[in-house]
Amino acid sequence: MGDPHLVGVVGLGVISRAYLDTLVGHPAVRVVAVADLDATRSAATAAAVPGAEASTVEELLDRPDVETVLNLTTPAAHAGISLAAIDAGKNVYVEKPLAAAFPDGRAVIERAASAGVRVGCAPDTVLGTGTQTARAAIDDGLIGRPLSASAVMVTAGHERWHPDPDFYYAPGGGPLLDMGPYYVSALVHLLGPVRAVNGAASRLRGERVIGSGPRLGHRIAVQVDTHVTGVLEHVDGALSTLTTSFDGVATTAAPIEVHGVDGSLAVPDPNHFDGAVRLFTLGGTGWHVLEPRAGYVEASRGIGLLDAVTADGRRPPRAGGDVGLHVLDTMTTLLRAAAEGRRIELTTTADRPLPVPLTPAEQWRASRAHRTRAR
């Protein structure tokens with residue numbers, strides 16, 4: 001595999017723990033620097049990651065040994081940190097969404113192309129056995145020609161469990177930009193890119209109340225739509241209906257269903273890497289579970305970065321910036337279509353990412369001998 005790819009991590013919030021669990025100790029990468037606005041958090045994380053140094057963001061970007069910046073900041077900061085990293089000659093892998101606004105996301109991709117560096121973008125959950133097995137079933141013709149899909153995410157809101165949920169209700173947040181990347185990315189993997197969207201959205205509560213942590217009972221303003229629904233027109237003609245909501249308690253709907261001429265697939269939650277894929281064929285008597293047939297087995301956050309690093313120029317990264325930009329375009333155009341009450345064509349497209357062959361866990365992950373103690 002050669003020398004490990006050197007990574008610096010910016011943003012050490014809750015999600016960073018999952019990434020570090022995957023990356024630390026893997027022979028393909030080495031985390032050499034970590035940075036956060038909270039210097040205490042940086043020091044604590046560095047102490048838990050063998051060989052990593054705590055630094056400021058500026059110091060991390062100036063380090064000549066950092067090849068890729070793993071950008072795990074809040075959505076409003078994604079574009080700024082990514083652009084600064086690109087200007088410093090670094091590759092970037094950014095948490096979803098690519099940016100809080102589409103023009104900023106486009107600027108990231110264009111600046112990276114000019115600088116000759118790479119951009120990757122979460123979510124990488126779609127590289128696990130759940131979405132990839134469903135994709136393999138479609139590609140193998142088990143449902144015939146795909147005609148339509150539905151994707152549903154309903155929750156009462158992240159303020160119930162997150163101690164600092166403000167950014168979920170600020171520009172760049174909301175159920176679509178927060179959770180939509182999982183569902184839209186999965187739909188692109190399953191059915192290909194989107195050409196146009198239409199939709200509707202609502203914001204029926206002006207504030208939310210934090211339900212846990214030291215700010216329990218604190219009220220925060222809602223600045224974004226909290227229920228968004230729309231129709232995605234895929235390039236091949238299939239239609240996907242999408243609902244993302246912070247305004248419901250529960251749902252019995254499958255996270256994703258794909259319907260074809262010869263059968264239907266129930267696809268597991270794209271916020272997770274695995275889960276049962278169920279098939280109901282035309283003329284059949286019920287649903288049956290498909291054995292995993294594609295995807296990284298037992299994958300976890302950060303597999304998209306590993307996928308890009310180990311590609312080594314032989315193939316495009318499966319969680320690439322082009323898909324991240326197209327997903328962002330789909331979501332922000334859907335919000336605009338809802339606001340304007342009309343169908344709008346997208347300005348981007350992306351190749352359907354390459355499928356992931358069934359890859360046993362021992363083939364992609366490292367020994368956990370040096371696993372981070374950040375938990």
Side-chain angles (χ1 to χ4, degrees), residues 97 102 123 126-127 130-153 176 179-201 228-244 253-270 277-284 287 290 293-295 316 318-320 322-356:
F102 176 71
V126 292
L127 306 184
T131 299
Q132 290 295 314
T133 292
R135 173 183 177 157
I138 293 171
D139 291 350
D140 291 344
L142 298 190
I143 65 169
R145 181 188 176 188
L147 303 176
S148 66
S150 61
V152 179
M153 190 290 301
L176 183 58
M179 297 300 291
Y182 298 107
Y183 294 82
V184 178
S185 295
L187 291 170
V188 169
H189 276 259
L190 296 170
L191 299 175
V194 177
R195 67 184 176 200
V197 297
N198 208 336
V228 183
T229 186
V231 176
L232 316 183
E233 301 176 21
H234 294 269
V235 169
D236 69 352
L239 298 178
S240 293
T241 58
L242 172 68
T243 299
T244 62
I256 295 177
E257 290 183 344
V258 183
H259 307 289
V261 172
D262 300 320
S264 294
L265 283 172
V267 185
D269 188 345
V277 178
R278 296 177 294 137
L279 172 67
F280 199 127
T281 56
L282 184 66
W287 296 92
L290 299 179
R293 59 178 64 194
R318 295 183 175 95
D322 57 338
V323 176
L325 182 64
H326 183 60
V327 169
L328 180 62
D329 188 16
T330 301
M331 296 187 300
T332 55
T333 303
L334 175 54
L335 289 172
R336 185 158 65 93
E340 298 177 9
R342 65 186 182 96
R343 174 185 180 274
I344 303 178
E345 294 189 356
L346 271 63
T347 60
T348 67
T349 190
D351 291 335
R352 192 178 180 216
L354 293 173
V356 181

What pair of heavy atoms forms the shortest contact from Leu191 to Pro146, and how long is it? CD2-CB, 3.5 Å
Interatomic distance, Ser185 atom OG to Met331 atom CE [nearest 0.5 angstrom]: 7.5 Å
Surrounding CG of Asp351 (heavy atoms of other residues, nucleotides or ligands, distance under 6.0 Å), is the total greater than 12? no
Could you tell me whether Arg352 and Asp139 have a side-chain N and a carboxylate O separated by less than 4.0 Å? yes
With side chains defined as the heavy atoms from C-beta onward, is the minimum distance between Thr229 and Thr241 less than 4.5 Å? no
Validation row: Pro316, Leu354 side chains within 4.5 angstrom (heavy atoms): yes
Quick one: closest heavy-atom pair of Ala338 and Ala201, and the distance? CB-N, 3.7 Å
Using the rule side-chain contact (heavy atoms from CB on, under 4.5 Å), only one of Leu346, Leu239, Val197, Asn198 pairs with Glu233; which is it? Leu239
As an exercise, state the distance from OH of Tyr182 to CG of Asp269, rounded to the nearest 0.5 Å. 9.5 Å
Considering all heavy atoms of both residues, which atom of His234 and which atom of Gly192 are nearest to each other, and what is their separation? ND1-O, 2.9 Å
With sequence neighbours excluded, what pairs up with Ser148 under the side chain to side chain donor-acceptor pair (under 3.5 Å) test? none
Leu290 to Ala137 - nearest heavy-atom pair and separation: CD1-CB, 3.8 Å
The test is side-chain contact (heavy atoms from CB on, under 4.5 Å); show your working for Leu334 and Val184 and say whether it passes. CA-CA 11 Å; Leu334 175 54; Val184 178; over 6 Å; no
Here the pair of heavy atoms bringing Gly180 nearest to Thr244 is CA-CG2, 4.3 Å
Among Leu325, Val194, Thr348, side-chain contact (heavy atoms from CB on, under 4.5 Å) partner for Thr330: Val194
Check the pair Arg135, Arg293 against side-chain contact (heavy atoms from CB on, under 4.5 Å), reporting the backbone distance first and the verdict last. CA-CA 10 Å; Arg135 173 183 177 157; Arg293 59 178 64 194; over 6 Å; no
Identify the two heavy atoms, one from Leu242 and one from Tyr183, that lie closest to each other, and give their separation to 0.1 Å. CD1-CB, 4.0 Å
What distance separates Ile138 CD1 from Thr133 OG1, expressed to the nearest 0.5 Å? 11.0 Å
With a sphere of 6.0 Å drawn around CZ of Arg343, does it hold more than 12 non-hydrogen atoms of other residues, nucleotides or ligands? yes
Tabulate below the donor-acceptor pairs under 3.5 Å that side-chain atoms of residues 254-261 make, not counting sequence neighbours, or state none.
| from | atom 1 | to | atom 2 | distance (Å) |
| --- | --- | --- | --- | --- |
| Glu257 | OE1 | His259 | NE2 | 3.4 |
| His259 | ND1 | Ser264 | OG | 2.8 |

Give a yes or no answer on whether the side chain of Asp329 reaches the backbone of Thr347 with a donor-acceptor pair at less than 3.5 Å. yes
If we ignore hydrogens and angles and just use 3.5 Å, is the side chain of His189 paired with the main-chain N or O of Gln132 as donor and acceptor? no
So, does Asp140 use its side chain to make a donor-acceptor pair with the main chain of Leu142 at under 3.5 Å? no
Measure the shortest side-chain to side-chain distance between Asp262 and Ile143 over non-hydrogen atoms and say whether it is less than 4.5 angstrom. no
